[in-house]
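As the structure is a computational prediction, the values presented were derived from the model and not from experiment. Excluded from the calculations below are hydrogen atoms, water molecules and symmetry mates; all remaining heavy atoms, backbone and side chain alike, are included.
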Amino acid sequence: MSVKTRSAIVREVPGKWEVVELDLDEPGTGEVLVRTVAAGLCHSDDHITTGDLPVKTMPMCGGHEGSGVVEAVGPEVNGIAVGDHVVFTYIPICGRCRWCSSGLQALCDLGSGTLHGSRPGDPTSFRMHLDGAPVGQNSGVSTFSEYTTVDARSLVVVDKDLPLEVAALVGCGVLTGWGAAVNSAEVRPGDVVVVMGIGGIGINAVQGAVHAGAAEVIAVDPVEFKRNTALALGATSAFADISEAVQYARSITNGQGADSVIVTVGVTVGEHVAQGFSAIRKAGTLVVVGLGPKSARELPISSTELVLYHKRIQGSLFGGAKPLSDIPRALDLYRKGILKLDELITTRYPLDDIVQGYDDMHGGRNIRGLVTFS
């Protein structure tokens, strides 16, 4: 048996999202059928359409940030029941591998196949089909779909009193940005922090730095609307250009520079990394979150400066988060008014307007666009 579901797929690279009707498997062993309520329009899905983030299976059904309600549960699923409200985690969590057992859930071994689009551990088995042909599921979840069947290890149950539209955001953008500051940059009270790029990730890096006690949080973005949003959510200053931000950071640190720079530019290239690297002080930390073309290899930085100034370059996947505990914790911070989530949603779109949503993202008109399902 299968379920019919309207979903947004990309057929080729480069390409655009197209809404079609797919056949979706009912849940098998260890799987759960979810009715999607909301899906965030994250730049990572856009990277799939451009080829910057290569996937193994085409067509690919997009979406990795989202929330929904459990419709059916397969055999051997524990702790998840029909009617539960859930947030998707785009990296499944086994809880047993070296990384999970050492507190690095974002590096779980199950994540190695998330860009293949098949069931975990079986590259020949797919849950979605179009005219009988396999369709990949982005990150194994595909939230750009009215219904989706996923591995139970890709879900976190959340309290039913929380609005699912805002809960969707903690499945990627919020934890990735917040964790980039709190976990990856290890921001401490009194620090000076620069955030390059104020989108769905960067705005939460701002919030994370503020919550960690940074004395100065300097937002950088060429779009005035985004700079103003950063100031409204805790940034102490905002600049259109990184050179202005660096000059200001040095002016308040006796010429030393920022304690940390977090790069969350939508399409991150070597120049952005170099700019962030030059902006940090001795023994400072550069955190790189944004993705660029996978083929890019050059980082125009000085190895001498890296060594003699004892600087650190840190990649950050999912903000170094522990989704099983951090998703409920983030939502608790929201409930208490500490973490701002409602303010992140700029525009809501029906699934049929997903291309417009990404056009708005590229045009700098959204902090976070959200596909909502009736």
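- Thr5 and Ser145 share a side-chain donor-acceptor pair at under 3.5 Å.
- In this structure, the side chains of His272 and Met196 come closer than 4.5 Å at one or more pairs of heavy atoms.
- The number of heavy atoms from other shown groups lying within 6.0 Å of CG (Asp161) is above 12.
- Atom CZ of Phe373 is separated from atom CG of Leu351 by 5.0 Å, given to the nearest 0.5 angstrom.
- Atom-to-atom distance recorded for Met361:CE and Gln356:CD is 12.0 Å, nearest 0.5 angstrom.
- From Gln247, atom CD reaches atom CD1 of Ile242 across 12.0 Å, with rounding to the nearest 0.5 Å.
- For the atom pair Asp353 CG and Asp359 CG, the distance stands at 10.5 Å (nearest 0.5 Å).
- Checked by atom type, the side-chain pair Thr148/Gln137 shows a donor-acceptor distance below 3.5 Å.
- The CZ atom of Arg281 lies 7.0 Å from the OG1 atom of Thr285; values are rounded to the nearest 0.5 Å.
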Apply the test side-chain contact (heavy atoms from CB on, under 4.5 Å) to residues Tyr147 and Leu33: give CA-CA distance (whole Å), side-chain angles for both, the deciding distance (0.1 Å), then the verdict.
CA-CA 7 Å; Tyr147 293 88; Leu33 173 67; 4.2 Å; yes
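- Linking ILVMFWY residues whenever their side-chain heavy atoms come closer than 4.5 Å, directly or via other members, places Tyr349 and Val19 in the same cluster.
- Residues Pro59 and Pro134 share a closest heavy-atom pair of CD-O, 3.9 Å.
- Residues Ile203 and Leu333 share a hydrophobic cluster, clusters being chains of Ile/Leu/Val/Met/Phe/Trp/Tyr side chains in contact below 4.5 Å.
- Within the hydrophobic cluster formed by Ile, Leu, Val, Met, Phe, Trp and Tyr side chains joined at under 4.5 Å, directly or through other members, Leu110 stands alone, with no partner residue.
- With Thr264 contributing its side chain and Gly197 its backbone, the two residues share a donor-acceptor pair below 3.5 Å.
- Contact record, Phe239 with Glu244: CD2-CB, 3.7 Å, taken as the closest heavy-atom pair.
- Neither side chain, Ser139 nor Thr114, offers a donor N or O lying under 3.5 Å from an acceptor on the other.
- Taking a cutoff of 4.0 Å between a charged side-chain nitrogen and a carboxylate oxygen, Arg335 and Asp159 qualify as a salt bridge.
- In this structure, the side chain of Thr149 does not engage the main chain of Glu26 through any donor-acceptor pair within 3.5 Å.
- For Leu291, the side chain to side chain contact (heavy atoms under 4.5 Å, CB included) criterion is met by Ser44, His47, Leu53, not counting sequence neighbours.
- Screening residues 78-107 for side-chain hydrogen bond (donor to acceptor under 3.5 Å, both in side chains), with sequence neighbours left out, gives Trp99-Asp109.
- Tracing side-chain contacts under 4.5 Å through hydrophobic residues (I, L, V, M, F, W, Y), one reaches Val263 starting from Ile280; they form part of the same cluster.
- Nearest heavy atom pair, residue Ile198 against residue Ala219, reads CD1-CB, 3.8 Å.
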Step by step, would you call Leu370 with Leu41 a side-chain contact (heavy atoms from CB on, under 4.5 Å)?
CA-CA 6 Å; Leu370 195 72; Leu41 298 180; over 6 Å; no
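- For the pair Leu155/Val157, no side-chain contact is recorded, criterion being any heavy-atom separation below 4.5 Å from C-beta on.
- Contact check for Val156 versus Val86: no side-chain heavy atoms found under the 4.5 Å cut-off.
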Test Thr372 against Glu165 for side-chain contact (heavy atoms from CB on, under 4.5 Å), laying out the working first.
CA-CA 8 Å; Thr372 55; Glu165 287 189 7; 3.5 Å; yes
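- Met60 has its side chain out of reach of Thr49: every pair of non-hydrogen atoms, C-beta onward, lies at least 4.5 Å apart.
- Using a 4.0 Å cut-off between a side-chain N of Lys or Arg and a carboxylate O of Asp or Glu, Lys4 and Glu146 do not qualify as a salt bridge.
- The pair Asp122-Arg119 fails the salt-bridge criterion, with no side-chain N (NZ, NE, NH1 or NH2) lying under 4.0 Å from an Asp/Glu carboxylate O.
- In this structure, Val246 is a member of the same hydrophobic cluster as Ile313, with clusters built from ILVMFWY side-chain heavy atoms closer than 4.5 Å.
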Please test Val77 against Glu31 for side-chain contact (heavy atoms from CB on, under 4.5 Å), starting from the C-alpha separation and ending with a verdict.
CA-CA 7 Å; Val77 172; Glu31 294 180 338; 5.8 Å; no
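- Residues Ile252 and Val194 are members of one and the same hydrophobic cluster, defined by side-chain heavy-atom contacts under 4.5 angstrom among Ile, Leu, Val, Met, Phe, Trp and Tyr.
- Looking at Arg35 and Glu71, a side-chain N of the basic residue comes within less than 4.0 Å of a carboxylate O on the acidic one, giving a salt bridge.
- Side-chain contact between Val220 and Val195 is absent, with no heavy atoms from C-beta onward closer than 4.5 Å.
- A side-chain hydrogen bond (donor to acceptor under 3.5 Å, both in side chains) check over residues 219-237, counting only residues at least two apart or in different chains, returns the pairs Glu216-Thr236.
- Dense packing is recorded around NE2 of His362, with more than 12 heavy atoms of other residues, nucleotides or ligands lying under 6.0 Å away.
- The pair Asp23-Arg127 does not meet the salt-bridge criterion, since no charged nitrogen lies less than 4.0 angstrom from a carboxylate oxygen.
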Could you pull out every donor-acceptor pair under 3.5 Å between side chains of residues 299-308 and any protein atom, sequence neighbours left out?
{"from": "Ser302", "atom 1": "OG", "to": "Thr304", "atom 2": "N", "distance (Å)": "3.3"}
{"from": "Ser302", "atom 1": "OG", "to": "Glu305", "atom 2": "N", "distance (Å)": "3.0"}
{"from": "Glu305", "atom 1": "OE2", "to": "Lys311", "atom 2": "NZ", "distance (Å)": "2.5"}

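- Heavy atoms only, all atoms of each residue included: Asp151 and Pro120 are closest at OD2-CG, 3.8 Å.
- Side-chain atoms of Thr253 come within 3.5 Å of backbone atoms of Ala249 as a donor-acceptor pair (strictly under, hydrogens ignored).
- Here the closest non-hydrogen pair linking Phe144 and Gly40 is CE2-O, 3.6 Å.
- You'll find the side chain of Ser7 stays beyond 4.5 Å of the side chain of Trp17, heavy atoms only.
- Using a 4.5 Å heavy-atom cutoff, the side chains of Asp332 and Tyr334 are not in contact.
- Of the N and O atoms on the side chains of Asn366 and Thr347, at least one donor lies less than 3.5 Å from an acceptor on the other residue.
- A distance of 11.5 Å separates CG of Asp352 from CD of Glu18, quoted to the nearest 0.5 Å.
- Across all their heavy atoms, Phe318 and Pro323 have their closest contact at CE1-CG, 3.6 Å.
- Looking at heavy atoms from C-beta onward, Val34 lies in side-chain contact with Val32 at the 4.5 angstrom threshold.
- Put simply, the side chain of Ser67 gets close to the backbone of Leu164: a donor and an acceptor are under 3.5 Å apart.
- Of the N and O atoms on the side chains of Gln207 and Asn204, at least one donor lies less than 3.5 Å from an acceptor on the other residue.
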Taking only distance into account, with no hydrogens and no angle test, what donor-acceptor pairs under 3.5 Å do side-chain atoms of residues 169-193 form with protein atoms, sequence neighbours excluded?
{"from": "Thr176", "atom 1": "OG1", "to": "Cys172", "atom 2": "O", "distance (Å)": "2.8"}
{"from": "Trp178", "atom 1": "NE1", "to": "His211", "atom 2": "ND1", "distance (Å)": "2.9"}
{"from": "Asn183", "atom 1": "ND2", "to": "Gly319", "atom 2": "O", "distance (Å)": "2.9"}
{"from": "Ser184", "atom 1": "OG", "to": "Ser316", "atom 2": "OG", "distance (Å)": "2.7"}
{"from": "Arg188", "atom 1": "NH1", "to": "Glu186", "atom 2": "O", "distance (Å)": "3.2"}
{"from": "Asp191", "atom 1": "OD2", "to": "Arg188", "atom 2": "N", "distance (Å)": "2.9"}

